[in-house]
Amino acid sequence: MTIEIIKADLSKQDHAEALIQLMSEYALDSMGGGQDLSEFAKNNLVAELSRRSSVHVIIAFVDRIPAGLAICLEGFSTFACKPLLNIHDLIVSAPYRGQGLSKLILQMVEAIALDLGCCKITLEVLDGNHVAKAAYKSFGFSGYELNPQMGHALFWEKKLSIATCL
């Protein structure tokens with residue numbers, strides 16, 4: 001078995017196709033909402049991500065088959081006055097789970113964050129995703145809090161109109 005973890009070049013067709021394939025699988029999973037990407041997203045995601053210099057895409061291939069993906073977005077910590085790297089999406093394809101791919105992907109994410117001079121890596125994880133939570137904890141992630149008396153931070157959202165957020 002040959003494992004390759006790479007920073008994707010979305011101008012390469014095989015990288016672009018791997019991104020859409022893995023994101024579609026993620027979206028269809030119960031942890032991704034259970035509904036496939038819209039046709040709009042499938043047709044435009046690669047181009048939109050490519051337009052943004054603050055996006056970093058990592059793909060894991062096993063024997064040249066797309067097996068894992070992380071899409072990371074640069075952010076900024078105002079308290080530290082330094083950049084941060086947010087893992088917006090992370091998936092390991094079902095047939096490849098339990099083989100250590102998430103750790104290899106996270107190692108690449110960390111290397112990119114260090115190269116960028118980031119003060120931290122952030123991510124969101126569903127409370128019921130116990131497997132992912134265990135993987136993240138084993139890699140050193142923990143719940144975010146500024147003051148233990150105030151508790152952990154919560155990730156909230158406000159959806160905008162369907163026309164802008166399909």
Side-chain angles (χ1 to χ4, degrees), residues 5-12 15-16 18-27 29 31-33 35 37-38 40-42 44-60 66 68-93 101-166:
I5 311 294
I6 59 147
K7 186 160 181 200
D9 176 350
L10 296 180
S11 68
K12 293 183 176 181
H15 293 191
L19 180 140
I20 296 301
Q21 173 190 328
L22 290 163
M23 281 302 300
S24 181
E25 181 180 343
Y26 180 28
D29 188 271
M31 296 302 165
Q35 186 173 5
L37 297 176
S38 69
F40 174 83
K42 287 180 181 180
N44 294 284
L45 185 57
V46 170
E48 288 298 323
L49 290 174
S50 296
R51 289 177 21 166
R52 290 161 171 77
S53 62
S54 60
V55 171
H56 305 273
V57 177
I58 297 135
I59 303 175
L69 170 76
I71 299 176
C72 304
L73 309 172
E74 290 178 39
F76 191 78
S77 168
T78 53
F79 285 10
C81 194
K82 292 194 174 273
L84 61 85
L85 194 61
N86 176 261
I87 302 170
H88 188 70
D89 298 298
L90 194 150
I91 177 179
V92 172
S93 184
L101 286 181
S102 65
K103 182 177 181 180
L104 296 172
I105 292 168
L106 289 169
Q107 287 172 346
M108 174 75 81
V109 170
E110 186 170 317
I112 291 168
L114 290 169
D115 284 346
L116 294 169
C118 293
C119 63
K120 64 182 172 179
I121 302 167
T122 62
L123 56 79
E124 302 89 41
V125 60
L126 295 176
D127 192 43
N129 193 343
H130 303 293
V131 172
K133 286 170 45 177
Y136 297 144
K137 283 180 184 178
S138 74
F139 199 77
F141 284 91
S142 62
Y144 172 72
E145 63 183 15
L146 292 173
N147 177 340
Q149 282 95 6
M150 296 305 297
H152 289 288
L154 302 176
F155 185 76
W156 288 22
E157 72 174 357
K158 176 186 176 186
K159 292 197 176 188
L160 301 177
S161 77
I162 193 74
T164 58
C165 249
L166 297 176

Working for side chain to side chain contact (heavy atoms under 4.5 Å, CB included), residues E74 and H56: CA-CA 8 Å; E74 290 178 39; H56 305 273; 2.7 Å; yes
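- Pairing each heavy atom of P66 with each of S93, the nearest pair is O-CB, 4.5 Å.
- S138 contributes a side-chain N or O that, together with a main-chain N or O of A135, makes up a donor-acceptor pair within less than 3.5 Å.
- The shortest non-hydrogen separation linking I87 to F141 is CD1-CZ, 4.2 Å.
- Residues that satisfy the salt bridge (Lys or Arg N to Asp or Glu O under 4.0 Å) test with D29, not counting sequence neighbours, are R97.
- The backbone N or O of E48 lies less than 3.5 Å from a partner atom in the side chain of R52, making a donor-acceptor pair.
- Residue-environment remark: NZ (K137) stays at or below the threshold of 12 foreign heavy atoms within 6.0 Å.
- Residues satisfying the salt bridge (Lys or Arg N to Asp or Glu O under 4.0 Å) criterion with D115, sequence neighbours excluded, are absent altogether.
- Taking CG from N86 and NZ from K120, the interatomic distance works out to 10.0 Å, rounded to the nearest 0.5 Å.
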Side chain to side chain contact (heavy atoms under 4.5 Å, CB included) assessment of L90 paired with L123: CA-CA 9 Å; L90 194 150; L123 56 79; over 6 Å; no
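- Closest of all the heavy-atom pairs between E145 and G151 is CB-O, 3.4 Å.
- Between I5 and A60, the shortest heavy-atom distance links the atoms CD1-CB, 3.4 Å.
- Counting non-hydrogen atoms of other residues, nucleotides and ligands closer than 6.0 Å to NE2 of H15 gives a total above 12.
- Interatomic distance, F155 CZ to D127 CG, rounded to the nearest 0.5 Å: 14.5 Å.
- Atom CD1 of I105 is separated from atom CG of L69 by 7.0 Å, given to the nearest 0.5 angstrom.
- To the nearest 0.5 angstrom, L10 atom CG is 9.0 Å from I20 atom CD1.
- Atom CD of residue E124 and atom CG of residue D89 lie 9.0 Å apart, to the nearest 0.5 angstrom.
- The shortest heavy-atom contact between L22 and G68 is CD1-O, 3.4 Å.
- Residues L106 and Y136 are in side-chain contact: their nearest non-hydrogen atoms beyond the backbone lie under 4.5 Å apart.
- Residues M31 and G128 approach most closely at CE-O, 3.9 Å, considering heavy atoms.
- Atoms NE2 and OG, on H152 and S142 in that order, are 7.5 Å from each other to the nearest 0.5 Å.
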